[in-house]
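First up is the structure itself, then whatever we jot down about it.
Quick note on labels: first sequence line is chain A, next is B, and so on, each numbered from 1.
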Amino acid sequence: MSNAKEWPLWEVFIRGQHGMSHRHVGSLHAPDAERAIKNARDVYTRRNEGVSIWVVEAENIAASSPSDKGPLYDPARDKVYRHPTFYDIPEEVGKM
Amino acid sequence: MYAQMVKSTGKSVQALDDMSPEERAFQERIDRGEKIEPKDWMPDAYRKNLIRQIGQHAHSEIVGQLPEGNWITRAPTLERKANLLAKVQDEAGHGLYLYCAAETLGVSRDELFEMLHSGKMKYSSIFNYPTLTWADMGAVGWLVDGAAIMNQVPLQRTSYGPYARAMVRICKEESFHQRQGYHIMMTMANGTPEQKRMAQDALNRFWYPALMMFGPSDKDSVHSAQSMAWKIKMNTNDELRQKFVDETAPQAEFLGLSIPDENLKWNEERGNYDFSEPDWDEFYNVVSGNGPCNVERLEARKKAWSDGAWVREGMMAHAEKKAMRKQAAE
Amino acid sequence: MTVSDNTALFEFLLRQGDNALVLGHRTSEWCGVGPVLEEDIALANTALDLIGQTQLWLALAGEVEDKGRDANDLAYFRDPYDFRNLLMLELPNEDYGRTIMRQFLFDAFQVPWLTALQESNDKRVGDIAAKSLKEAMYHLERSAETVIALGDGTDESNSKMQQALEFLWPYAGEVFADDENDVSVASKGIAPLPSSIHDVWNSTINRTFSEACLKRPESQFAHSGGREGFRHTEHLGHMLATMQTLQRSHPGATW
């Protein structure tokens, strides 16, 4: 089934029980937004109550250009532009 | 490790003066400890190498579900069943995080699956060994996850941001895996004579394959030197293997089990354990497809993927219909 | 409570626990071979929920029985004729369509059933129901959505789901056939009669099938024998042989 359409990529943002704003926690694949929310719940929250989940289709994210790089150095493949940075680092790990 | 023998450019590491301005700026960022992010410029070889390494790591996670999944239905108590299932589920999660990290480099998950299924991409040799008794769940958790952690902890500092962040999340989740395995080994080693025999048998079978996970010695390898300059490999294979033996030998002693190596002994002078090398011929055989389970593992993955095609397509088709109906209603 | 009270309650608790145990076991068989990573992970969550529910129901069953058996003793040292799960749940997974359709038919019962059990005048039953209900509600959301998506998806997925429904249909009604034990626990206010759930179940599945473009089979026939333990399918013995192998081969060992 190599020519079958792959499920789109979604970026997942979660607000935990104790406030703060939604944070990017990772990505996943899903056929649509509703399923992406359910998948996010299964993959990234393990069904904790009281969380709020946002999902955004990755290709709908507009991202800034890296500040210290001119257009000359931008990658030829535009696919990578669609991906924001990946995982949040848990606080206990410290600065990275 | 989970990514064994990933070949880089095959060229020796270039001196800064020989690099193009972009390459030089890139290497200097890495040398300063900055993270490379998806949108940043990167040498093509760095990108390709990372795709291979992260992809191999991701494949190892999902193929790695199979040998342990083999015992979920036979777990001896409800607690053990839940623990093992949660652990194997985590591996699916780790595969998912890693595939997403690879996707930021411009390759799709389906493309990566195809490369796994066609044999173009590999997964760790360790998962081509069978799990024969319940004690293997202990040995795999203790030795295989132990060896994996040895490699993954330093990779939290790797130069590629998405990979490093995936590693942080994985390491955090994986810490319970090794403990879970060791706990099974403790219970078995202190159990009935049959259980103790199972535990020793599992250690006998998994010891050398675990040592092989770090890959052959790469102290003279140009591939490794380039990967280390790029900080996508943080230690040599021998360093990690030694560290693993040094940490594991006392743990085996605590269990009252013997590591199947008569040359294993503490070397006061070196401050390390001396130990025997694994059989590298066996390793190359396993890597080239002749391990005890290579064919079955790959068949199982391919079958799951093709059996699931109608589900993936059906759900996608429904999502598209729904979107069209919504549009038509507006 | 008299002895007979406890016997009926024990029987009732085994039915709850064995449903969770057997379906949890079947669902766990998907780990590593799901149709896509996200579904693999979600199915494992469902299985983990069910194993957790098993532990609660069977622990209480052991307590009520008062013969020193704990949840593991009940799970690993009973033979097929002592199991009280619905036949539908012990059937092999076969394919994803059958797995999800079965999950949906079961979830559509569990949600109203557990909702009602929360009002049990046995607080221990009510507490387990309340905890399990949160999980069951999510299972139902997910399984109903999946049935709809696959029913409405491609011609192939629609036909697979219709076949799954037709295969499972003769097993779906077993749960609603009240027996003496149901009447006994209902008369004590421990649980409602399962037949009282039928209308809600009907409306859930009719609504879902209509959205899923699936045709509800007309037959009223229902197999029986699972929840009384009178006659299970051939599959339960194989499942238990696998599940119980270590405990049975090494009596007295600690794992």
* Structure fact -> Here the gap from D42(A) atom CG to T46(C) atom OG1, rounded to the nearest 0.5 Å, amounts to 6.5 Å
* To do: With sequence neighbours excluded, tell me which residues meet salt bridge (charged side-chain N to carboxylate O under 4.0 Å, His left out) with E63(C).
  =>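 Applying salt bridge (charged side-chain N to carboxylate O under 4.0 Å, His left out) to E63(C) gives R124(C).
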* Mind running side-chain contact (heavy atoms from CB on, under 4.5 Å) on R142(C) and R35(A) for me, showing each step along the way? => CA-CA 9 Å; R142(C) 200 173 226 289; R35(A) 195 64 169 193; 3.0 Å; yes
[X] atom [atom1]: more than 12 heavy-atom contacts under 6.0 Å:
| X | atom1 | result |
| --- | --- | --- |
| W54(A) | CH2 | no |
| N121(C) | CG | yes |
| H238(C) | NE2 | no |

* side chain to side chain contact (heavy atoms under 4.5 Å, CB included) with A191(C): which residues, sequence neighbours excluded? -> F12(C), W113(C), L117(C), V185(C)
* To do: Quick one: which residue pairs count as a salt bridge (Lys or Arg N to Asp or Glu O under 4.0 Å) with a foot in residues 22-35 of chain C, not counting sequence neighbours?
  =>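 For residues 22-35 of chain C: R26(C)-E29(C).
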* Structure fact -> Between K38(A) and Y138(C), the two heavy atoms sitting closest are O-OH, 3.1 Å
* Asked: When only heavy atoms count and the cut-off is under 4.5 Å, which of residues 33-42 of chain C reach chain A?
  ->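 Hits under 4.5 Å: V36(C), E38(C), E39(C), I41(C), A42(C).
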